[in-house]
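Since the structure comes first, as structure tokens, the remarks are kept for the end.
Every number for a ligand or one of its atoms is a count from 1 in the order of the listing.
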Amino acid sequence: MNEPTYRPQTRLIHGQMRSPHWNYADHIVPPISSSTSYRLESSARGAEGFQEFANPEFNRHTSAPIYIYDRLDEPSRGMLEDNLAEAEGGETCVTFSTGMAAISAALGVLLKAGDTLVSHHTVYGCTYSLFTNWFPRLGIRVEFVDLNDRAALGELLARDLNVMVVYGESPCNPTLELLDLRGLSDELTRVNADRAPRRRVFSVLDNTFATPFCQRPLQHGIDLVVHSLTKNIGGFGTDMGGAVIGPMLLEPDLLLYRKDFGAVLSPKSAWPPLVHGLPTLPLRLRQQQLNALRVAEFLEAHPKVDHVRYPGLPSHPQHELARRQMRDFDGEFAPGSLVYFVLAGEPSAARAGGARLMDVLATKSLAITLAVSLGQLRTLVEHPASMTHAPVPPDKQLEAGIDPGGIRLSLGIEHPDDLIRDLERALAAV
Ligand SMILES: *Cc1c(COP(=O)(O)O)cnc(C)c1O
């Protein structure tokens, strides 16, 4: 039943017919497990369970794990992890309580005091805060660069031999700039050829904006993918979660890190993405993408809009790159569900106009909701400069390409005509 010939769309619904995490004989939908500890039939079995946990000799994906305590491992989460690894085409997945916990863990196992992290200059606001407020306290240096500038990256890697991780998002939150994933991994392959295996530079990519439906970075040579499950993978806006997907060799450290720092994904929060989120991901994303393209085209043609960024528009500066690396499970172009746009006028006027637009939408629109977060059934609008990216100082926002008046739209699954009508009315009021 676990034949790989079934397509991803089918496998995201059914998972593994026989999972070592659960006996599917009685259930079609896996139950939510809710038990902080597990009965051990003998002390020898208890000892064996502790022996096997985070042990590279034991494969918890193919053999039945001995469950001991929720914070170590547990079945609902294990099933979700197997399906997430499958969706991204990775060897293993370890989940966390939030996207930020997943990012902290991925970098926590790869970095130590004295190391340098190289980050793309545009990242999610809390990721920026983690890198600038907390990593320096741990003795980790952070350098922000344009990761698409291969010469600058090469120069930095040659100058600082303590660089151990290169980190980015593609598409970037909120500007929808893309990173050339193959170009980046080729550069690191070149650099790693001259380094001892122990000193290998790892690439970590936040794939939250694209989801595995639109892009699978591991296939482009990236080492580790991180996700906020809170967004499109969860999909219904009910639960928070995070995931790290990558090579088996990092699994023991990720499990130990999660056990000791403690940011486990509750089984009650693992269940919705397992049962509702992943199975409907292709269905939702196809409709969200149709809406995103319709809305992006509408905004681009509107006289009050200065410019629109959507990887699916030919006007996107990296449209050709988008066509190469953003592909769904069937190989179709999949530019995602987020749109970024800036109103016409001077920056201060565009910002005031944007605030007015969002206030009109907040009070007069049924189809569009003023709220942060993204990747839900509902279309959400927000102002990155004052909301999601508020931790980034204004001068750094400009360097990162975040316009003072930039507006981010996360498309839901409403009827596109309703979205356009509500936007048209709100733009008329600006
Ligand atoms: C929301 C988000 C995160 C953080 O995820 P949480 O689940 O809110 O902790 C990280 N990266 C990106 C790109 C995000 O949009």
Side-chain angles (χ1 to χ4, degrees), residues 77 80 84 88 93-108 117 119-135 147 167-179 181 204-215 217 222 224-245 258 261-266 269-270 272-273 277 285 288 292 309 311 326 336-340 371-376 380-385 387-392 400-402 406-412:
R77 209 159 57 216
L80 174 65
L84 283 168
E88 282 286 357
C93 168
V94 178
T95 55
F96 294 87
S97 55
T98 65
M100 286 315 301
I103 294 169
S104 308
L107 298 173
L117 166 72
S119 169
H120 188 55
H121 54 56
T122 311
V123 286
Y124 171 58
C126 296
T127 305
Y128 181 87
S129 175
L130 174 71
F131 292 174
T132 52
N133 290 323
W134 300 101
F135 277 17
L147 287 186
Y167 182 92
E169 302 168 357
S170 186
C172 296
N173 186 353
T175 57
L176 298 180
E177 183 194 359
L178 308 182
L179 298 181
L181 302 182
V204 179
L205 192 98
D206 183 336
N207 200 31
T208 299
F209 264 38
T211 82
F213 177 76
C214 300
Q215 168 177 283
I222 297 294
L224 272 183
V225 162
V226 291
H227 272 293
S228 167
L229 302 176
T230 316
K231 314 295 170 55
N232 254 319
I233 292 181
F236 292 82
T238 57
D239 294 82
M240 301 204 77
V244 181
I245 298 141
R258 181 175 72 183
F261 282 86
V264 289
L265 180 66
S266 156
S269 294
L285 258 290
Q288 288 168 256
R309 287 287 174 265
M326 300 187 79
S337 59
L338 282 127
V339 173
Y340 176 77
V372 299
S373 200
L374 55 106
Q376 303 194 7
L380 306 179
V381 68
E382 70 112 8
H383 179 230
M387 297 178 184
T388 48
H389 291 68
V392 185
I402 303 170
I407 297 169
R408 191 184 78 184
L409 267 175
S410 165
L411 277 301

Any N or O on K231 sitting closer than 3.5 Å to an N or O of ligand 1? yes
Find all atoms of ligand 1 within a distance of less than 4.0 Å from any non-hydrogen atom belonging to I103, and give their numbers and elements. 10 (C)
In Å and rounded to the nearest 0.5 Å, what is the NE2 to CG distance from H121 to L147? 8.0 Å
At a 4.0 Å threshold, what atoms of ligand 1 neighbour a non-hydrogen atom of G241? 7 (O)
For ligand 1, find out whether one of its N or O atoms is nearer than 3.5 Å to an N or O atom of M100. yes
Are side-chain N/O atoms of N232 and S337 paired as donor and acceptor at under 3.5 Å? yes
T122 to P174 - nearest heavy-atom pair and separation: CG2-CD, 4.4 Å
Considering both backbone and side-chain atoms of E169, is one of its nitrogen or oxygen atoms within less than 3.5 Å of a nitrogen or oxygen in ligand 1? no
Short question: side chain of S269, backbone of L265 - any donor-acceptor pair under 3.5 Å? no
With a 4.5 Å cut-off on side-chain heavy atoms, are L176 and R408 touching? no
Just to check, does V123 reach to within less than 4.0 Å of ligand 1 when the distance is taken from its heavy atoms? no
With rounding to the nearest 0.5 angstrom, report the CG to CG distance, N173 to D206. 8.0 Å
For atom 6 (P) of ligand 1, closest protein heavy-atom neighbour: G99 N, 3.4 Å
Report yes if D206 has an N/O atom closer than 3.5 Å to an N/O atom of ligand 1; otherwise report no. yes
Got a second to check how far H383's NE2 is from H389's NE2, nearest 0.5 Å? 11.5 Å
For atom 8 (O) of ligand 1, what's the nearest protein heavy-atom neighbour? Residue, atom name and distance, please. M240 CE, 3.5 Å
re atom 4 (C) of ligand 1, the protein heavy-atom contact at minimum distance is Y124 CE2, 3.5 Å
Heavy-atom distances under 4.0 Å are what count here, so tell me which part of L374 touches ligand 1: side chain, backbone, both or neither. side chain
I need the minimum non-hydrogen distance between D239 and P272, along with the two atoms involved. OD1-CG, 3.3 Å
